[in-house]
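Notes for the one structure printed next.
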Number of protein chains: 2
Amino acid sequence: MGITDRKEREKLEMRRLIMDAAMDMFVKDGYEKTSIRNIADKIEYSPATIYLYYKDKDELLWGLQTEAFEKLAEVFREGITAAEPIEQLRQMAKLYVEFGMSNPDLYDLMFILRSPMNAEKNEEWKSGSSAFQFLVNIIQAGMDKLKYEDVTLGAMSSWAMVHGLVSLNVRGRCKMLELPEDKLQDMLLAAVDQYIDNITR
Amino acid sequence: MGITDRKEREKLEMRRLIMDAAMDMFVKDGYEKTSIRNIADKIEYSPATIYLYYKDKDELLWGLQTEAFEKLAEVFREGITAAEPIEQLRQMAKLYVEFGMSNPDLYDLMFILRSPMNAEKNEEWKSGSSAFQFLVNIIQAGMDKLKYEDVTLGAMSSWAMVHGLVSLNVRGRCKMLELPEDKLQDMLLAAVDQYIDNITR
DNA sequence: CAAACTTACTAAACAGTGTTCAGTATTTAA
DNA sequence: TTAAATACTGAACACTGTTTAGTAAGTTTG
């Protein structure tokens, strides 16, 4: 039955159309401006149509989040070039910070916003988990040179460190330091370096 | 002129009434349920009245935030009992984590939500700044026993660490670890201990 | 081919949000 | 007692996410 196949295909295409438009608006105009109605306007369909392809806004955001994680994974894949685990960890941490600082809205979606985490009663947060596993593996590999006693606790700590740096900045809690925009990122990277040094034996 | 005095007093009382109601709803039902209309309902005034006392919702949230910082300051005042700077830092970090985990909505307001930071073009974020200064002082005092080279960078790092731990949890990014609720907080406190040990020489 | 069924889509509405403004009482001043 | 200032509100505006009834087109069947 070729018709069912085509329908299936068209359904996927429609999902892509919606997803791409949403991602576009999200990256360009941020979370606030990305409403169902605005997305619908952009793809020239009625708002109700979107609900034929996504259960609700959370499910749509969940999809965006997954794509964002793929972006970050690629950043890691291309940017982590060192052979040594500690150096890998250092690279990873810096790439993470740079990614967060240059894609604040995507960062929101992945690590700050509550909404997409409600979708489907948290489908195990697959994309997030695999990114975390990646970190766990690096730490596992460098465990002999790290001061961590527990791998998971260590992974969580280093993640918390970089997330803390990025999210405080992204949410404007570091404005009081009154540093020029570009100096700020240098400072964050310096903090990362310092942290890696401190956890290395 | 006694009348002007009374009017002034009544104005302050009204602000208090609004603020208290808002804080109540915020702590009890969270950010989402705390709408201008709901607050107005609670104090039995029209929504428009609130706008006679607060420019917009951001300004109201700003007020709530300031009060939340006072709560945290008191937690520090009562809980930091050690004489030694390093121990003070350890206590402070743990109190911070505990505060965040037991008051997730207030924590949101203070360190995560974007809204209140827009009020009045960020009035220097006075309450936040003084809390940060408190941290800076402790770190300054213990600088000889700390591995930090720069006080500000050190303060930012340790803040980022605890904020990272709390905010990842508060926003449900640690669910994948599949830990029982109470074990989680123990893990966070263990991470804090580990961090303090690592930055101490 | 025509009739019956199925799918894809939308207009309109519902209930909620923050916010503004004209108008009404009440209180104060002249 | 009248004029002016103050405190407050009902109703509206422009949004939001979401649901539903209805339409128009495509597909299958007799």
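For the numbers below, each heavy atom of this structure counts, side chains included, while hydrogens, waters and symmetry mates do not. Naming: A, B, ... by sequence-line order, numbering from 1 per chain.
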Nearest-angstrom distance from the residue atom CG of B:D41 to P of D:dG10: 11 Å
Pick base, sugar-phosphate or nothing for A:T49, based on heavy-atom distances below 4.0 Å to the nucleic acid. base
Grab the CD-P distance between A:E44 and C:dC9 for me, whole Å please. 14 Å
Find the distance B:E13:CD to D:dA7:P and express it as a whole number of Å. 13 Å
OP1 or OP2 of C:dT17 less than 4.0 angstrom from a side-chain nitrogen or oxygen of B:S35, does that happen here? yes
Under 6.0 Å from the six-membered ring centre of B:Y107 and within 45° of its axis: does the NZ or CZ of B:K71 meet both? no
Quick one: A:I50 CD1 to C:dA8 P, roughly how many Å, whole number? 16 Å
Row check, B:Y54 ring normal vs B:R15 NZ/CZ: under 6.0 Å, within 45°: yes
Select one nucleotide: of C:dA8, D:dG17, C:dT10, the one nearest the side-chain heavy atoms of A:A48. C:dT10
Look at the side chain of A:Y51 and decide which nucleotide, out of D:dG17, C:dG18, D:dT9, has an atom nearest to it. D:dG17
Sugar-phosphate, base or nothing in reach of A:D58, heavy atoms under 4.0 Å: nothing
Can you tell me how far P of D:dT18 sits from CG of A:D56, to the nearest Å? 5 Å
Could you tell me how far apart B:I36 (CD1) and D:dA12 (P) are, to the nearest whole angstrom? 21 Å
Side-chain donor or acceptor of B:R173 paired with backbone N/O of B:R171 under 3.5 Å: yes
Proximal nucleotide (of C:dA13, D:dA7, C:dT10) relative to the A:R37 side chain: C:dA13
Given D:dT19, D:dC8, C:dA8, the nucleotide with the shortest approach to the side chain of B:Y53: D:dC8
Atom pair distance, as rounded to whole Å: NZ in B:K55 and P in C:dT19: 9 Å
Is A:N38 close enough to D:dT16 that one of its side-chain N or O atoms is under 4.0 Å from OP1 or OP2 there? yes
Do B:T152 and B:V136 come within less than 4.5 Å of each other through their side chains, counting heavy atoms only? no
Regarding the side chain of B:K57, the nearest nucleotide among D:dT18, D:dT9, C:dT19 is C:dT19
note: A:K33, atom NZ; D:dG17, atom C1'; distance rounded to Å ~ 18 Å
Pick out which of A:V151, A:L135, A:L146 makes a side chain to side chain contact (heavy atoms under 4.5 Å, CB included) with A:Q140. A:V151
Base, sugar-phosphate, or nothing for A:Y54, non-hydrogen atoms under 4.0 angstrom? nothing
